2 protein chains.
Amino acid sequence: MKNLFLFNVNSIARDVPQHRACYPDSVCARLRIVTTKKTGKGAARSVRMGPKPVSLKELAEHLGLSPATVSLVINRSHVADSIPQETKDRIFAAAGKYKYRPNFFARSLRAQRSFTIGVIVPEVSDGYSASVMSGVEDYLLQEGYFYFVVSHRHRADLIDEYPRLFLERSVDGLIAVDTPWTLSLSVPVVTVSGHNQVKGVTNIVLDHVQAAEVALKHLFQLGHRQIAFIKGQEFSSDTEVRWANIERAARQLGLSISRALVSQLQGDSPSPELGYEATKKLLASHKPFTALFAFNDISAMGAIRALREAKLRVPDDVSVVGFDDIQSAAYQNPALTTVRQPLREMGRIAAETLLRRIRRSGSDSHGGETMVEPKLIIRETTCQATNGVRPKYRTLPKARP
Amino acid sequence: MKNLFLFNVNSIARDVPQHRACYPDSVCARLRIVTTKKTGKGAARSVRMGPKPVSLKELAEHLGLSPATVSLVINRSHVADSIPQETKDRIFAAAGKYKYRPNFFARSLRAQRSFTIGVIVPEVSDGYSASVMSGVEDYLLQEGYFYFVVSHRHRADLIDEYPRLFLERSVDGLIAVDTPWTLSLSVPVVTVSGHNQVKGVTNIVLDHVQAAEVALKHLFQLGHRQIAFIKGQEFSSDTEVRWANIERAARQLGLSISRALVSQLQGDSPSPELGYEATKKLLASHKPFTALFAFNDISAMGAIRALREAKLRVPDDVSVVGFDDIQSAAYQNPALTTVRQPLREMGRIAAETLLRRIRRSGSDSHGGETMVEPKLIIRETTCQATNGVRPKYRTLPKARP
DNA sequence: ATGCTCTACTAACCCGATTTAGTAGCTAGT
DNA sequence: ACTAGCTACTAAATCGGGTTAGTAGAGCAT
């Protein structure tokens, strides 16, 4: 059963970021299990967290002890081993009563650690970044870390400036999502979906060999032999690998890729429009195709629009496969068949890896890659190739989100 | 022309969060205008921000001055007015040379301000929250603030716990997006799309009167008289107002709303599935309708699926109007007609309002509301009502994203 | 010689917690 | 009687920067 608590009570005090290990279990429980009572609508609960939190010194004074003692007890330091249980109890009781919470800045200042990490993404509001963030958040919060996010929006100056700002804020580490990475920093860095060779940077990447294979094999088995492709933008860190592996997989299957059936996304910010334009170009070549493999889901959506405009039905006339499986892929009508990147999981793994590196910092400088498996999600935009014979109208099956 | 710099050089030192006002313009420029040189692929730029940043004390020592002097000069304090320009120049030069950056924690510890705000949303990866965040980010970063995000996922305990954690981290203020809010905190709070009467909390809300009017009028003018509705979940802060205003607008237009044509979303996390189920119920009533107004875009997508399964064409047989205009609304085939909430703008306004309140903190405790205007985005899921006569096949027009 | 004003600084404390080195007081052992 | 060892603490330094009250020294006037 999953732990209901946000934080792990049993962590060693030293590695627990906040004041999470500060209290005996009884107090912890009181502090953390919050029962939300329904109060009359609009009636502010009068929690009103006081404007003057107690400090360690005040608490110590109140107890007739020195700040040192209180601090040692509260942090479960071994130096405090000799202090009798009775005193400890008194301290915890007072801490609970006065809702003592160590000042975060003072702590970080001393510890030289912020228990905060920086996340840089192309744009928080695109589904791709957001899904990864969701996974990152999951793990980080559970471990008591918080994170800053920034969107670089593909501006080279920001890609350079933001890490700098992060460092000023003393983040303990960085996660870069789908961002070209060339910096070597003084804190651990993990990239998601980058293909960087920067020393000491760990990459979380998809197994692109498998991704290409699984998608092409699916189309191949459905009888598709004339397959069109939309490549990613030049700047995207994935474009190259993805394409190389598609060529590889095609060779293995004995499929030949026609030049005329390869198009490329043009333009900075992701939008179906780019896929729409790319598909227009494909159609303009007048070379027939029965399937289309798009660089990502967003462009696949635009592609479908272009195909419909050309009076081609999807999937009856042209099957379409996307890439990523962003949330709205399942929401499409027809729902998009796509190669799923386990984005949330990738975010989670990134956070996990980063914290591991932060915790045993110093000893490791190993970069390297962690691969995750893609998964073909077959929905409604692919079907048997018809080779010109139009199949009869198919009722759309229920979506499998 | 928009300021290229992230931060405003001319702010008064006191209100500038980071070390932004710390340098004479020449140094500022050097620090901020970053020219990104293309280096060989994979070659780490050796910026390697050193692991030991200089401290104020070291800098002072190096200059043969006291830390106090350096601090005063760097912060452009009036106490430093009498210090000769020559000394000041020396200080700035050294600061630039050794890349001195004040330690963030030390500063915050002293100033009791973190230049960080907390944002709480239902889920970072849903399009609604993400769009608002994007606007929040825009403004905050420009002002040198950073932000923490957390997703409460509609868990009451987290909605209660996270603000607490934020306060421990000494955030200067909070933004709550689409989150039921009952707490009264010691820092300014701004909610987006909440309808709370908590004292001292500012709400950024949509003009729901207009929203309902504009949507219903549109359908009315297209000749729709039998309109079905999908209401939001019980817990959603918008459900009630939205529905009240729909009834109001209907009355004004002389439209009667049939009980059988009102359905409600059931279920926690937003997904088209909920809209699908709600629509199934509507269809089960066997009461005919020519248009459907959904609670949000996500549910509209599910509704469209349900309609198609029932062999009803959208928009030919049934027009559908969504709400929100999340990104993927424009990506749908057919693209969704919807009432746009200017989410990004709302985020921006929220951030602006919050910072204003933080800056003149103390003097204001005014809650209140700021209204923003909805806008009807007519795309492809609405058309003239046919009253049983099926119109001929329409070519889908090009999307207007 | 004394007082006054001004310039150009600085000493010293503050923010709040952590941590090391140490101490006072007691008991036990030889 | 003296030391060793233990218990139960604490003093004081430290992290890095902000701030207030104040001072040394020069210049000038009386």
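Computation of the quantities below employed the complete heavy-atom set of this structure, encompassing side-chain atoms and omitting hydrogens, waters and symmetry-equivalent molecules. None of these values were measured; they are calculated from a predicted model. Naming convention: chains lettered A, B, ... in sequence-line order (proteins, then strands); numbering from 1 in each chain.
- Every residue two or more places apart in sequence or in another chain that forms a side-chain contact (heavy atoms from CB on, under 4.5 Å) with A:I159 is listed here: A:H152, A:T179, A:P180.
- When the nearest nucleotides of DNA chain C are assigned to A:L56 and B:G64 by heavy-atom distance, the more 5′-ward of the two goes with B:G64.
- Side-chain N/O atoms of A:Y100 include none lying less than 4.0 angstrom from OP1 or OP2 on C:dG16.
- With sequence neighbours excluded, the residues that form a salt bridge (Lys or Arg N to Asp or Glu O under 4.0 Å) with B:R153 are A:D138, B:E123.
- Remark: B:R90 pairs with B:L63, B:E86, B:T87 by the side-chain contact (heavy atoms from CB on, under 4.5 Å) rule, at least two apart or across chains.
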Please write out the pairs of protein N or O atoms and N or O atoms of nucleotides 13-15 of chain D separated by less than 3.5 Å, giving the distance to one decimal.
unit_1	atom_1	unit_2	atom_2	d
D:dT14	O2	A:R110	NH1	2.8
D:dC15	O3'	A:Q112	NE2	3.3

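- Each ring pair (Phe, Tyr, Trp, His ring centres under 6.0 Å) pair with one or both residues in residues 68-89 of chain A, not counting sequence neighbours, would appear here, but there are none.
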**Complete:** Its contact letters, B for base, S for sugar-phosphate only and - for none at protein heavy atoms under 4.0 Å, make nucleotides 21-28 of chain C read --------
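- Axis angle, first five pairs versus last five pairs of the helix from C:dA1-D:dT30 to C:dT30-D:dA1: 90°, rounded to 10°.
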Check: protein-nucleotides 4-8 of chain C nitrogen or oxygen pairs below 3.5 Å:
unit_1	atom_1	unit_2	atom_2	d
C:dA8	OP2	B:S82	O	2.4
C:dA8	N7	B:S82	OG	3.3

For nucleotides 25-28 of chain D, which of its nitrogen or oxygen atoms have a protein nitrogen or oxygen under 3.5 Å away, and what is each distance?
none

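- Listed by chain and number, the residues in a side chain to side chain donor-acceptor pair (under 3.5 Å) with A:T116 are B:R169 (sequence neighbours excluded).
- Residues passing the ring-ring contact (aromatic ring centres under 6.0 Å, His included) test with B:F148, sequence neighbours excluded: A:F146, A:F148.
- Minimum interatomic distance between B:S114 and B:S170 (heavy atoms only, all atoms of both residues): OG-O, 2.5 Å.
- For CD of B:E58, the number of neighbouring non-hydrogen atoms (other residues, nucleotides, ligands) closer than 6.0 Å is greater than 12.
- B:S77 is linked by a side chain to side chain donor-acceptor pair (under 3.5 Å) to nothing, counting only residues two or more places apart in sequence or in another chain.
- Minimum atom distance to the side chain of B:L65 is reached by C:dT10, of the listed D:dA11, D:dG17, C:dT10.
- What separates CZ of B:R107 from P of C:dG16 is a distance of 18 Å, to the nearest Å.
- Listed candidates were D:dG17, C:dA17, C:dC9. Nearest to the side chain of B:T69 is C:dC9.
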